[in-house]
Structure formats: C-alpha cells, structure tokens
2 protein chains.
Amino acid sequence: MKFEAITIKDIAKVLGLSTSTVSRALRDSYEISPETKEKVLAYAREMNYRPNPIALSLKEKRSSSIGVLVAEIANSFFSQVINGIESVAQENGYNVIIAQSKENHAKEVSALHYLASRSVDGIILSVSSETTDFSVIQQMYEKKMPLVFFDRIVDSIQTHKVTVDNFKGAYDATLHLIKNGYKNIACIANAPQLSITSERVNGYKAALEKSKQRFNPANLVYCNHGGLIYEEVEAAMKQLLKQKQKPDAIIGCADKITTNVMRYAQKKRIAIPTDIALIGFSNLDLTDLLSPSLSVVRQPAGEMGKMAAELLIKMIESKRPVSEFQHAVLPAEIFQRSSSAAKKI
Amino acid sequence: MKFEAITIKDIAKVLGLSTSTVSRALRDSYEISPETKEKVLAYAREMNYRPNPIALSLKEKRSSSIGVLVAEIANSFFSQVINGIESVAQENGYNVIIAQSKENHAKEVSALHYLASRSVDGIILSVSSETTDFSVIQQMYEKKMPLVFFDRIVDSIQTHKVTVDNFKGAYDATLHLIKNGYKNIACIANAPQLSITSERVNGYKAALEKSKQRFNPANLVYCNHGGLIYEEVEAAMKQLLKQKQKPDAIIGCADKITTNVMRYAQKKRIAIPTDIALIGFSNLDLTDLLSPSLSVVRQPAGEMGKMAAELLIKMIESKRPVSEFQHAVLPAEIFQRSSSAAKKI
DNA sequence: TTTATTTACGCAAACGATACCGGGAATGAT
DNA sequence: ATCATTCCCGGTATCGTTTGCGTAAATAAA
C-alpha cells in the first residue's frame with residue numbers, strides 16, 4: 001500500500017531527456033534552453049511533481065525536521081509552546097517531531113536517542129523533573145547537535161535558552177500575597193534539581209526577605225514529579241498543614257501543583273482564600289472560571305516556542321559554528337484574582 | 001554544524017570488510033562467520049552505530065513516520081489524542097509529524113500537501129470545522145495514502161474511523177437535563193457540516209422527542225468556528241436569550257463552546273444552573289473545579305488516539321490493500337455536576 | 001585425486017536528486 | 001579551413017543501506 005509519487009527519472013524517460021537535464025530545468029538553471037525548460041516544467045506541473053524530501057535529505061545530510069522533547073504533550077503550557085514551535089517551523093520548511101519524557105529520565109534518554117536516530121537537524125527541549133544526569137544531553141551537544149533549551153534549562157551546557165523571568169514571577173507573586181496581608185506564606189515547588197525550581201524558590205525567598213518576613217524552611221516543600229501525581233501534592237499539603245503555625249497562603253510553582261492544591265482544598269473543604277490563599281504558575285485558559293477564580297503567574301508559552309524555534313533554525317542554518325548564545329528571558333504575567341484576595345482580619 | 005553519525009562504510013573501512021558483509025553481520029545473516037559477526041557487532045556497539053533511517057526510507061520507500069492533522073494542538077481534546085497517538089507510534093518505531101488547520105480549510109489543504117511532501121506513510125486526521133470540500137482528502141485517498149479519521153470524520157471516504165458515540169452522548173446529556181426538570185433546552189452546536197455536529201444534534205433532538213418535548217428550531221444555534229472565537233459564542237447566546245421563551249438549559253457541543261458559554265454567563269451575571277443550566281462536551285481536566293463545577297460529556301481521547309494509530313499502522317503494514325474498514329465507536333462518559341443540577345421550582 | 005558442495009565474503013545495482021565534469025554541435029573569428 | 005567559444009545537454013559519482021549474484025577458498029564426497 002503505497003502512495004507512489006512521480007520522480008525526476010519518470011519525467012526524463014517520458015520526455016527523452018536525462019535526469020540531470022530535468023533536474024536543472026526544474027531548478028531554472030541557465031544552461032537549459034527555454035524550450036526544454038518549458039516542456040519539463042509543464043509536464044512536471046501536470047503530473048504534480050514534488051521532489052522527494054528523503055532523497056534530498058540523504059544527499060544534503062539534513063532532514064529539515066526538528067525534534068521537540070517535553071515532559072508531557074497534554075499539558076497546556078507545553079502544548080502552547082509546541083503550537084508556537086510548529087508555526088515557525090512550518091514557515092521555514094521544517095517539520096516538528098514530538099517526543100515526551102513523562103517526567104522520567106529513562107524515557108527522556110530513549111527519546112533523545114530516538115530523535116537523533118531520526119536525524120533531526122536540531123532539538124528543542126525542556127528537561128524532565130527527574131533529570132540530574134545531563135551526560136546524554138552533553139554528549140549530543142559535543143557531537144554538535146544543535147540544541148535549544150526552554151523553561152527547564154541546563155546551566156552547564158552553553159547554547160541558546162528561552163525562559164521567563166521565573167525569579168521575578170515568583171517574587172511578584174509572593175509580594176502580592178504579602179501586600180494582601182498574608183503573613184505565613186508557604187511554597188510548593190517542583191523538583192529541586194530543576195532550574196525553574198531554584199529560580200522560583202529564590203524569588204519567593206527574596207520577596208520574604210525584602211518584606212522582613214522570616215523564611216521558614218518548613219514552609220517549603222518539593223514535589224518531585226511536578227505535581228503530575230495528585231498524591232505528592234496531597235502529601236505536601238498534609239505536611240504543610242500539620243504545622244502548629246499553619247500557612248495562610250500558598251504559592252504553587254507548577255501548573256499541576258497549583259491546580260492539585262485547589263483540588264485538595266475542595267476535597268478537604270478548605271476555603272480559598274479565607275482559610276488559605278493561593279497563587280501559582282499556570283498556563284490554563286480557564287483559571288478565571290475556576291471556583292474561586294485563580295490568581296496565576298502565566299508564561300507567554302506560544303512566544304517562547306516561537307523564539308526557541310527561531311533560534312534553533314538560525315543555529316541549524318548557520319554556516320560557521322555558533323559561539324555566541326542568547327538566553328532570552330521573557331516577562332511572566334501575573335493575574336490577580338479571588339484566590340489571593342486581600343486577607344480579611 | 002552537523003551531527004555526523006557513523007555509517008556502515010566507516011565500519012567496513014576500519015575492519016577491512018565490505019559494506020555488504022557489515023550489513024549482513026549486523027542483520028545476523030547466516031552467511032557470515034561467527035567471528036566476523038562478533039567483530040562487527042562489537043565495533044558497532046562500541047561506536048554506538050545506528051542505521052541511517054533516511055537511507056533506509058529511500059530504499060524501502062517508507063519513512064516510518066505518520067502525519068497527524070488536527071484543528072489545534074493547544075486544545076485539551078486534541079493534545080490528549082496526540083498523546084495517545086504518540087505512545088503507540090513510538091512503540092512501533094514510527095515518529096509523529098504534527099500539523100494544525102486552525103479550523104481553516106486553506107491551512108488544512110496546505111498542511112495535507114505538506115505532510116504528503118514529507119512522505120509520511122499515513123495520516124490521522126480530524127477535519128476542520130470549515131471544511132465542506134473534501135476533494136483534496138479524496139485525492140490522497142485515491143492515491144492510496146493510508147488515512148484514519150477520528151472525531152470529525154468524512155462519511156463519503158471509506159477508511160478506518162474512530163469516534164465516540166456522539167449521538168448517545170448528546171442524547172444522554174439532554175435526557176439528564178430533562179430528568180432534572182429542564183423544559184426548554186437549547187443546543188449550541190459546532191459547524192453544521194461536521195459529522196460530530198449532526199450526530200450530536202440528532203441525539204439532542206431524539207432525547208427531546210422521546211420525552212415529548214417539542215424541538216424548537218430557534219433553540220438550535222451553530223458556531224462555525226467551533227467556539228474558537230469567543231464572539232461567535234456570545235452571538236449565539238444573545239440570539240438564544242432574546243427569545244420570549246428563554247431556554248432554561250443549554251447543551252454545548254464542543255469544548256470551547258461550553259467553556260465560552262460559562263465565560264459569557266459569568267460576564268453577564270447569569271447564574272448557572274439557577275438561571276440557565278449547562279452541560280457540554282469537554283475534555284478539560286479541571287471541569288470539576290470550575291464555578292460551578294461543570295457537567296460534561298467526556299471523550300476517551302487518549303484511547304481514541306491509540307486506536308487510530310493502531311489502525312493506521314496496521315493499514316500501512318498490510319501486505320494487501322485493505323478493503324474492510326472499521327468504524328470504532330467508543331462510549332462517551334457523562335459527568336453530572338452542579339452546572340446541570342436539578343431545577344428548583 | 002578429482003569433483004561437488006558448502007562457506008564466507010565482495011561486487012554492483014538500486015532508491016531519488018544533485019552537481020561536477022566533460023563533450024558534441026553550432027557559431028564566430030582568424 | 002582551422003581553431004576557439006558558447007550553448008545545451010548527458011554521464012556519472014554521491015549520500016547509506018540492502019540484496020541478488022558471483023566467486024574464491026575450504027571442505028566433503030566420490
């Protein structure tokens with residue numbers, strides 16, 4: 001069952017020409033007579049000829065495809081990023097091959113090998129929350145595979161990176177809670193090894209410090225799967241709430257963490273923001289319709305995807321090895337809604 | 001800037017063998033001596049040799065990649081479907097190339113050409129809400145490109161199809177509203193030319209008829225962009241609410257329609273379900289946390305994607321032309337929540 | 001010892017497109 | 001008439017891999 005396309009050979013045979021002549025006529029070479037050109041072009045158009053990209057890839061040693069590795073496609077942030085990548089890739093004649101790690105390092109490694117074996121021209125990636133060993137990525141980097149990191153970056157590898165200002169996002173969110181009267185703010189963070197985690201946690205701590213609130217280590221809990229598993233968020237909440245001084249506000253450092261905190265609160269009939277306020281990183285479209293409407297730090301995901309794709313394609317198409325790398329830092333947007341409304345005393 | 005992989009030629013040169021011997025050794029052919037095999041395999045393992053898939057594609061006339069065409073990646077239903085497709089594809093050594101139509105027919109056509117020019121071995125697709133002209137799809141079908149439809153199918157093209165029981169989903173949802181005491185139920189549907197639209201609308205009508213409620217044509221409104229644009233849902237709501245006999249319940253036939261109805265109600269301070277009840281098709285994970293919690297008809301999206309991918313791969317790998325096609329119809333799940341709670345009289 | 005058979009490998013073509021190299025024919029110059 | 005130039009076009013190698021065919025050497029059978 002195949003979808004047989006017409007080749008340059010077929011055209012050559014029908015018109016009694018050589019394949020090289022046909023090839024040149026199609027590429028509008030000057031050394032082909034106008035009549036021959038016209039004949040070839042007319043026939044090619046008639047037969048709807050399209051060059052075989054696979055043959056081209058083999059000859060040119062490039063596949064015109066880029067790999068994208070994310071934790072999970074069915075996650076609004078990542079799907080919005082992919083959306084952006086896809087649009088830029090399509091414009092530039094690249095296709096996008098997607099792989100997911102499911103926050104699992106073994107899957108991440110196999111996905112990277114998979115993408116490499118598929119001869120992608122470059123890879124855009126955000127590491128899994130489990131990853132502490134970057135050796136495979138490092139190897140690909142050393143073998144000159146063009147890489148662009150976004151969101152969860154690896155500091156030790158010198159290449160283009162696209163993130164939001166995670167520090168400022170968390171800082172502003174924490175400050176917003178403080179301004180609204182909250183005095184014992186907890187933070188539920190993603191896996192500690194992630195770049196975004198330390199940036200966000202540092203923003204949280206800095207805001208506390210700046211406001212003369214003491215940072216209490218017991219108020220900082222990590223979720224190693226980024227909230228992907230409800231139970232880890234549940235455990236985090238239980239741990240926070242068993243303290244004598246229960247926190248009166250929470251900042252969630254990942255989409256699923258934030259929403260799972262809401263789910264937990266609903267189950268346990270904890271009122272937001274009366275019993276505990278909530279703000280968190282999220283890229284869901286519906287946060288304004290939640291009960292209560294959810295305050296969020298939102299990343300410009302589509303924009304990040306576009307930018308990452310542009311940087312990658314530029315790197316792929318660069319003649320000389322790229323040595324100056326950009327770290328694009330986009331602003332995060334804060335939406336203040338009911339879940340972090342001013343504390344009633 | 002290239003990522004140069006080791007080839008069979010490199011191995012042959014180093015070991016002083018011919019490429020054919022190396023190739024056969026790697027494929028464990030019987031006509032290679034055990035010693036030679038061992039030497040080749042050891043070296044290949046050491047150098048982390050992987051066959052070049054592009055060269056293979058050229059020779060075998062297959063690319064081991066499948067195309068997926070959806071309206072929009074950043075849509076929970078479609079991203080869940082892609083998730084399912086990706087997992088099955090990966091298991092079977094296929095990669096997934098994604099394209100989106102953005103509910104636009106011109107983009108859909110160009111995306112299909114794009115996928116074909118990329119030599120995908122088959123395509124899984126859900127047509128755009130704008131599409132009324134299936135000629136391009138028909139052409140690909142006639143050229144023996146393996147196709148599998150899901151969700152929004154094309155009846156006139158004989159191939160595998162995967163959908164949920166849209167009729168029953170809408171029927172049950174409508175009946176649920178009726179049982180809860182609603183007497184003037186409106187339906188906001190997707191574009192009328194879509195298969196899912198007529199199936200869902202028929203389910204809605206059948207439930208009304210079975211319950212001896214008269215179907216009122218003024219209570220059925222279509223959204224040509226599937227609710228992708230807020231304004232069209234707003235227009236639909238205005239049209240429904242300007243009637244003398246305002247509807248007391250709404251069934252939304254697409255994810256974005258349903259959520260945009262909620263958004264409209266919130267803006268206009270229309271209480272759900274007191275002023276108007278709501279149930280709708282949606283695959284969002286958070287519908288239980290909305291205000292009010294939203295009753296939904298949910299499609300088993302991941303399952304649909306897996307099934308579509310399995311059917312497609314089976315078709316691609318079939319020796320003889322496939323002539324018997326399956327139409328897999330999965331059950332839709334109904335979640336009854338507050339937005340369609342029993343009417344208070 | 002001669003012949004037949006097996007073993008183990010190399011050669012070359014093929015997949016589709018490109019590009020370098022080269023060459024025949026027509027024209028112009030001397 | 002001879003040589004050079006220009007115009008058009010064909011031959012062929014190449015990318016990495018597989019595979020049918022051919023064959024030398026080794027072994028087995030006669």
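All values reported here derive from a predicted model rather than from experimental measurement. Throughout, protein chains are lettered first and strands after them, A, B, ... in sequence-line order, and every chain is numbered starting at 1. Every heavy atom of this structure was used, including side-chain atoms; hydrogens, water molecules and symmetry mates were not.
B:Ser20 contributes a side-chain N or O that forms a donor-acceptor pair with the base of C:dC11 under 3.5 Å. Under 3.5 Å, the side chain of A:Glu31 and the base of D:dC7 form no donor-acceptor pair of N or O atoms. With hydrogens and angles ignored, a donor-acceptor pair closer than 3.5 Å exists between the side chain of B:Arg24 and the base of C:dG10.
For C:dC9, the OP1/OP2 oxygens have no side-chain nitrogen or oxygen of B:Ser18 closer than 4.0 Å. Residue B:Arg27 places at least one side-chain N or O closer than 4.0 Å to OP1 or OP2 of D:dT19.
For the pair A:Glu91 and A:Lys306, the salt-bridge criterion is not met [side-chain N within less than 4.0 Å of a carboxylate O].
The residue A:Leu17 sits close only to the backbone: its heavy atoms come under 4.0 Å of sugar-phosphate atoms, none of a base. Counting non-hydrogen atoms under 4.0 angstrom, B:Tyr30 reaches nothing in the nucleic acid. Contact annotation for A:Ser57: no contact, since no heavy-atom pair falls under 4.0 Å across all strands.
Ranked by how close their nearest DNA chain C nucleotide is to the 5' end, B:Lys37 and A:Thr7 are led by B:Lys37. Comparing B:Ser33 and B:Lys59 against DNA chain C, the residue whose closest nucleotide sits nearer the 5' end is B:Ser33.
Inspection of the B:Arg50 and A:Tyr114 side chains reveals no N or O donor paired with an N or O acceptor under 3.5 Å. Judged by distance alone, the side chains of A:His225 and A:Ser129 never bring a donor and an acceptor atom under 3.5 Å apart.
The aromatic rings of A:Phe150 and A:Phe77 sit tilted, their planes meeting at an angle between 30° and 60°.
If you measure from atom CG of B:Asp10 to atom P of D:dG16, you get 8 Å, rounded to the nearest angstrom. Put simply, NZ on A:Lys61 is 16 Å from C1' on C:dA17, counting in whole angstrom units.
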Going by atom type alone, with no hydrogens or angles, which donor-acceptor pairs under 3.5 Å involve a side-chain atom of residues 34-42 of chain B and a protein atom two or more places apart or on another chain?
| unit_1 | atom_1 | unit_2 | atom_2 | d |
| --- | --- | --- | --- | --- |
| B:Thr36 | OG1 | B:Ser33 | OG | 2.8 |
| B:Lys37 | NZ | B:Asp28 | OD1 | 3.2 |
| B:Lys37 | NZ | B:Ser29 | O | 3.0 |

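Paired runs in DNA chain C that reach 3 or more consecutive Watson-Crick or G-U pairs, where each pair keeps both distances under 3.5 Å, cover C:1-30 with D:1-30.
For the atom pair A:Ile316 CD1 and A:Ile123 CD1, the distance stands at 10.0 Å (nearest 0.5 Å).
Within a 6.0 Å sphere centred on NZ of B:Lys102, other residues, nucleotides and ligands contribute more than 12 heavy atoms.
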